[in-house]
Protein chains: 2
Amino acid sequence: MTAIEDPGPLRPVTLADIAREAGTSASTASRALSGRGYVSDSVRDRLLAVADRLGYVPNASAQTLKQRTSRVVGVVVSALDNQFYAGLAAGVEQVLREANYQMVLLGDNSDAAEELAGVRTFVAMRTPGVIMTPVGAEASRLLLSHGAAVVEVDRRLSSAPCDAVVIDNERGGREATMHLIGLGHRRIALLGVATEWTTDAGRLKGYRTALRNARIPFDKRLVVRIPVRAPDTEARIEALLDTAAPTAVFAANNALAEQAWRVLRRRGLRIPGDVSLVGFDDVPWMEMVEPQITVVDQPTIELGRSAARLLLRRLHGGPSLAPEVDVLQPRLLVRGSTGAPPG
Amino acid sequence: MTAIEDPGPLRPVTLADIAREAGTSASTASRALSGRGYVSDSVRDRLLAVADRLGYVPNASAQTLKQRTSRVVGVVVSALDNQFYAGLAAGVEQVLREANYQMVLLGDNSDAAEELAGVRTFVAMRTPGVIMTPVGAEASRLLLSHGAAVVEVDRRLSSAPCDAVVIDNERGGREATMHLIGLGHRRIALLGVATEWTTDAGRLKGYRTALRNARIPFDKRLVVRIPVRAPDTEARIEALLDTAAPTAVFAANNALAEQAWRVLRRRGLRIPGDVSLVGFDDVPWMEMVEPQITVVDQPTIELGRSAARLLLRRLHGGPSLAPEVDVLQPRLLVRGSTGAPPG
DNA sequence: CTGTTAGCGCGTTCAG
DNA sequence: CTGAACGCGCTAACAG
């Protein structure tokens with residue numbers, strides 16, 4: 001707009017600069033630019049013009065320091081490169097943006113130490129709230145003890161009561177297993193994660209419930225729980241196939257489903273001819289492969305949106321509000337990877 | 001550790017608190033905890049113990065305000081849910097973490113306005129540097145004018161000279177096209193993005209070079225450039241197939257490759273029997289589908305790592321350093337989706 | 001409606 | 001080696 005270029009990176013322009021330029025005090029400039037407090041229209045216009053001309057950008061640190069809180073909310077998820085978590089973050093971001101909050105995203109690689117370190121920088125930033133897929137208990141404890149709101153999403157972990165949004169994992173696990181049983185399977189393997197996460201616990205519970213209802217005895221050799229990011233994941237899946245001879249595999253998350261699928265393919269096993277496969281959490285590849293993968297779909301984006309709404313509610317309502325836990329419903333999508341057992 | 005719980009969220013503990021508790025001044029506490037300046041060992045130990053006991057977390061805003069810079073570097077990518085950008089961010093994060101910097105990640109949905117808004121909050125945070133996959137020119141201009149370092153990654157856009165790391169897109173485009181020509185194709189479609197991005201420009205240029213070298217006339221009807229996130233992307237691909245009757249499709253990024261693949265499948269066209277397909281940027285589904293997709297692979301993680309290294313170099317070296325542009329090499333992976341043209 | 005004063009929490013002189 | 005004083009940029013009281 002202006003012909004004169006800004007003075008360059010020499011010194012950032014401050015409120016005092018624009019006040020001086022406009023012939024007012026800094027307080028007035030503050031009121032004009034923040035929109036709070038009385039300022040005459042003429043003065044305000046002049047101030048706004050100067051600020052615009054000088055390319056003024058308020059110093060967020062000074063604001064946060066003064067107001068003792070910021071409009072940044074932290075989000076920490078387990079794996080930035082997993083489409084499930086990416087979708088979650090996208091959902092969070094949508095509603096946060098509408099409420100004029102800024103999302104800051106962090107990945108912790110499912111590592112409690114990394115999670116704690118990340119959360120620590122959030123408390124350092126005086127973030128009013130954090131949304132997280134919890135991996136360790138320390139993190140939310142730290143946050144809470146510093147007065148930050150926390151909402152857990154996807155899984156619950158906090159010992160202290162806090163807002164959360166999850167899905168009905170037990171139902172998802174039950175439906176997947178019942179579907180397999182209905183097809184005639186009796187040797188159904190469960191591939192889960194070796195954690196205390198409520199996601200896996202719920203899916204496992206649903207699996208056991210379905211078996212019990214069908215009077216199928218539980219065989220612990222069919223249940224394999226693999227540590228997150230274990231380097232020998234595929235070997236463990238191979239071992240399962242070798243030792244337990246399942247006719248169907250229920251993989252309790254999208255990453256395990258992918259690994260299982262790869263192992264099955266490498267072995268030349270036909271799906272569902274030799275082994276049926278059902279996944280949990282629908283991701284694009286599942287309907288691109290042949291046959292397409294039967295899967296328990298979850299409302300990923302909505303999970304994120306709900307979490308953000310819960311956080312906003314608490315930021316607005318304060319700590320006296322009773323904790324709210326939203327439970328969303330998964331949905332079984334029957335596709336081509338499940339069929340009758342062989343023989 | 002301690003039996004006494006911390007006083008709770010009442011008032012955040014400050015340097016003054018821990019100083020008082022330890023019977024020193026705040027300055028000494030500052031020196032002890034930051035590790036800068038002289039402090040006797042005994043005093044330091046006492047201070048550290050108190051800080052630990054009280055759960056002290058330094059106020060990042062105060063630090064940033066005082067030091068006029070922070071250890072947070074901003075990263076803004078086009079699409080958080082695209083595995084390419086996710087990998088990029090992962091690479092950046094790796095080297096930043098080692099250097100004790102904190103990454104703050106933002107997605108801009110390939111929208112210049114969103115990008116600018118995000119970047120504005122980075123300058124508000126007094127972020128010393130930003131790594132970005134640029135979409136509009138304003139963003140880096142703003143950053144630079146405020147004295148922040150910027151490194152462009154994946155594509156270049158800034159009018160002002162700045163550090164960047166890209167791949168040799170022209171070579172990638174050329175090799176993909178030559179591969180197709182070698183197979184006997186003469187009607188090769190190019191699916192690109194309707195932008196000025198150097199990525200697409202380079203790939204297109206490589207495509208044209210390959211055609212020229214092979215004495216194949218350029219047919220503009222074979223080149224379709226689709227706006228990012230266009231709602232009618234698939235229809236445009238359909239139209240290409242209808243009007244230009246290509247025997248091969250070169251999709252210039254992973255998203256377009258996916259869309260093209262879906263259209264081809266829906267139409268019941270055989271790959272490569274009826275149409276060959278080559279993608280750009282290898283992502284997991286490409287080797288899961290049948291046949292697997294021939295693709296120009298790029299060193300995604302390394303792209304991110306290099307960008308971060310470039311940024312650190314500049315943060316350390318200052319603005320007097322000559323801008324450095326790293327060019328990494330792509331690599332053609334020949335798989336099953338390419339074969340001789342029909343007939 | 002506007003200016004003055006004061007202080008958020010920290011790091012950095014500069015004396016002692 | 002340590003403490004006192006000051007100011008980073010901004011905003012909330014409080015006069016006027």
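Quick note: numbers below take in every heavy atom, side chains included, and nothing from hydrogens, waters or symmetry partners. By convention in this document, chain letters (A, B, ...) are assigned in the order of the sequence lines, proteins followed by strands, and residues within each chain are numbered from 1.
- Regarding contacts with the backbone of dG11(C), a side-chain N or O of Gln63(B) is found under 4.0 angstrom from either OP1 or OP2.
- Rounding to whole angstrom units, CG of residue Asn59(A) and C1' of dG9(D) are separated by 6 Å.
- Between Thr24(B) and the phosphate of dT2(D), there is no side-chain N or O to OP1/OP2 separation shorter than 4.0 Å.
- In terms of phosphate contacts, Gln67(A) brings a side-chain nitrogen or oxygen within less than 4.0 Å of OP1 or OP2 of dA12(D).
- Taking atom CG of Leu47(B) as the reference point, atom P of dC1(D) lies 15 Å away to the nearest angstrom.
- Contact check, Thr64(A) against dC10(D): no side-chain N or O comes under 4.0 Å of OP1 or OP2.
- Counting to the nearest Å, the P atom of dC8(C) and the CZ atom of Arg126(A) are 13 Å from each other.
- Look at Thr14(B) and you won't find any side-chain N or O under 4.0 angstrom from OP1 or OP2 of dG9(C).
- Taking the nucleotide of DNA chain D with the nearest heavy atom to each of Ser40(B) and Arg68(B), the more 5' of the two is matched to Ser40(B).
- Distances shown here put every side-chain N or O of Ser25(A) at or beyond 4.0 Å from the OP1 or OP2 atom of dT2(C).
- Contact annotation: side chain of Ser27(A) to base of dT4(C), donor-acceptor pair present below 3.5 Å.
- Distance, Met125(B) CE to dC8(D) P: 22 Å, rounded to whole Å.
- One interatomic measurement links the two molecules: CZ of Arg20(B) to P of dA4(D), which rounds to 14 Å at whole-angstrom precision.
- No donor-acceptor pair closer than 3.5 Å links the side chain of Asn109(B) to the backbone N or O of Asp111(B).
- Between Leu15(B) atom CG and dG3(D) atom C1' there is a gap of 13 Å when expressed in whole angstrom units.
- In this structure, Lys66(A) places its NZ atom 16 Å from P of dC10(C), rounding to the nearest Å.
- Annotation for Ser159(B) and Arg141(B): closest pair OG-NH1, 4.3 Å, computed over non-hydrogen atoms.
- The residue among Ala26(A) and Ala62(B) whose nearest nucleotide of DNA chain D is located toward the 5' end is Ala62(B).
- Whole-Å rounding puts the Asp17(A) CG to dG9(D) P distance at 8 Å.
- Within the 3.5 Å criterion, the main-chain N or O of Ser61(A) finds no donor-acceptor partner in the side chain of Thr64(A).
- The residue Leu65(A) sits close to a base: some heavy atom pair falls under 4.0 Å.
- Taking only side-chain nitrogens and oxygens, Tyr38(A) never comes nearer than 4.0 Å to OP1 or OP2 of dA12(D).
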_Checking Leu310(A) against Asp326(A) for the side-chain contact (heavy atoms from CB on, under 4.5 Å) test, could you report, in this order, the C-alpha distance in whole Å, the side-chain angles of both residues, the deciding distance, and whether it holds?_
CA-CA 9 Å; Leu310(A) 244 39; Asp326(A) 288 359; 3.8 Å; yes
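- Residues Arg46(B) and Ser40(B) bring no donor and acceptor atom of their side chains to less than 3.5 Å of each other.
- Contact annotation: Arg31(A) side-chain N/O to dC10(D) OP1/OP2 distance is not under 4.0 Å.
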